[in-house]
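What follows is a single structure, written as structure tokens, with notes after it.
Residue numbers count from 1 along this sequence. In listed order, ligands and their atoms are each counted from 1.
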Amino acid sequence: MKIADNFSRLGTENAFVILAKAKKLESEGREIINLGIGQPDFLTPKHIVEAGKKALDDGHHGYTPANGTQELRDGVSRHIKKMYGAEIDSARVFIAPGGKPSMYFAIMMFGQPGTEIIYPEPGFPIYESVINYTGAKAIPMYLSEKKNFSFNADEVLSLINDKTRLLIINNPQNPTGGLIDKNEIDKLVQGLKKYPEVAILSDEIYSRQIYDGKKMPSFFYYPELYDRLIVMDGWSKTYAMTGWRLGWSVWPESLIDKVTRMAINSYSCVSAANQVAALAALEGPHDFLDDMMEKFDKRRELIVNGLNSLPGIKCNNPGGAFYTFPNVSETGMSGDTFAEKCLYDAGVALVPGTSFGKSCTNFVRFSFANSYENIEKALEKIKKIL
Ligand code: PLP
């Protein structure tokens, strides 16, 4: 057998490797507190589950249009209007099995040998992996700890040249919880006027997980970009629906047929019943989201203060998502060693920083998608091994 060369360039997501290691230790009888996981530790709200069950009973069993049902695309369009006041024709909305396929399709659409794609580092590992897979050159946009993992618009703009095809932004950010300020995005958008050939992929999957009463600085606020902007969001993190595999994205009018063709060539469409449940999520009560955010906020305070009180650990205060990305270099350990020691000696699963970029050797990612009590316990256990 001889498989295609580009496969050797395809990376992976280490969080799944850590999960497997943690599960193995658990199966051997060890108690493991999982702070490696990137999904809300809440159940999908009942009214959404009920809508999904009813949809199956009502016979929503068949294929749907590859870009999603008209009802759900209309629902997403209304949702965007409600959230950001933006008028988005539902013909530009694309429903996919999770946020990831839209990201994959966008990178596949713009990447090829001889081109460059800019992505955030530290960042979600799939960006770099798929960029490399396409043969394009992956250009890291470094987010610095000193700026609480935001970026400087001028620095980002300085990475653009005539080979640049796509700029990937993720806000709020995985793995750091960094929230890029609207002022900085304003500056970036202003600067992008000089580069009309560069498309933008804005990954806004954590758009509803923002702290301190701040507003989501969405790219939907810049209609001047709409003919080259892809915004990706979804149900996974907001509604605790990671395993349902449901995401939405908005595409320039000129690309929607192309991305739909990608769906037809791969998975055909998203499960019909899930799309009914997805609409119920958008249009149903949202009080559970307030409860979830209240819990995340308390845990954020606990984990940031707890980590900063440990010797050798410097922890940022995340503005969004449910992650912190502390620097552990003053413990004398690299992020990799620290995460390994936490897993095997303290029974706490974390993700080493290098899973989010080669430059992140001093860091680890803590997820606070676990109970307050478990986070307290985990901090105690880590304290003991330091
Ligand atoms: N984008 C970012 C930044 C993420 O962290 C994740 C999931 O962890 C995704 C996209 C993928 O989301 P989904 O599970 O909906 O595919």
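Atoms of ligand 1 lying under 4.0 Å from at least one heavy atom of Gly98, given by number and element, are 15 (O), 16 (O). Interface of Asn174 with ligand 1, defined as ligand atoms under 4.0 Å from a residue heavy atom, comprises 3 (C), 4 (C), 5 (O). Residue-ligand proximity, Met103 to ligand 1, at heavy-atom distances under 4.0 Å covers atoms 1 (N), 10 (C). Ligand 1 places these atoms under 4.0 Å from at least one heavy atom of Asn170: 3 (C).
Protein heavy atom in closest approach to atom 7 (C) of ligand 1: Lys237 NZ, 2.9 Å. Among all protein heavy atoms, the one lying closest to atom 11 (C) of ligand 1 is Lys100 CG, 4.0 Å. In this structure, the protein non-hydrogen atom closest to atom 15 (O) of ligand 1 is Ser236 OG, 2.6 Å. The protein atom (non-hydrogen) at minimum distance from atom 12 (O) of ligand 1 is Ile205 CD1, 3.9 Å. Shortest contact from atom 13 (P) of ligand 1 to any protein heavy atom: Gly99 N, 3.4 Å. With hydrogens left out, the protein atom closest to atom 6 (C) of ligand 1 is Phe124 CZ, 3.5 Å, a heavy atom. Protein heavy atom closest to atom 16 (O) of ligand 1, with residue, atom name and distance, is Arg245 NH2, 2.8 Å.
For atom 1 (N) of ligand 1, the nearest non-hydrogen atom from the set Asp203, Ile168, Ile37 belongs to Asp203.
Looking at Gln39 against ligand 1, nothing comes within 4.0 Å, counting heavy atoms. Under 4.0 angstrom from ligand 1, there are no non-hydrogen atoms of Gln173. Residue contacts with ligand 1, taken as heavy atom pairs separated by less than 4.0 Å, involve Tyr206 solely via side-chain atoms from C-beta onward.
Here the closest heavy-atom approach between residue Pro120 and residue Leu143 is recorded as CB-CD1, 4.0 Å.
Note: Phe322 and Tyr206 meet the aromatic proximity criterion, with ring centroids under 6.0 Å apart.
Exactly one residue among Lys237, Lys295, Arg299 makes a salt bridge (charged side-chain N to carboxylate O under 4.0 Å, His left out) with Asp41. That residue is Arg299.
Aromatic ring pairs are classed by plane angle as parallel below 30°, tilted from 30° to 60° and perpendicular above 60°; the pair Phe42 and Phe296 is perpendicular. Using a 30° and 60° split on the angle between ring planes, Phe325 and Phe356 fall in the perpendicular class, above 60°.
Judged by the 6.0 Å distance and 45° axis criteria, Arg245 is not positioned over the aromatic ring of Tyr267.
Crowding of Glu26 atom CD: a count of heavy atoms from other residues, nucleotides or ligands under 6.0 Å exceeding 12. In the displayed structure, Glu197 atom CD is contacted under 6.0 Å by at most 12 heavy atoms of other residues, nucleotides or ligands.
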Requested in this report: Start with the C-alpha distance between His286 and Tyr239, add both sets of side-chain angles, then the distance that settles ring-ring contact (aromatic ring centres under 6.0 Å, His included), and finish with yes or no.
Outcome: CA-CA 9 Å; His286 276 75; Tyr239 301 99; 5.5 Å; yes
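Using a 4.0 Å cut-off between a side-chain N of Lys or Arg and a carboxylate O of Asp or Glu, Lys377 and Glu31 qualify as a salt bridge.
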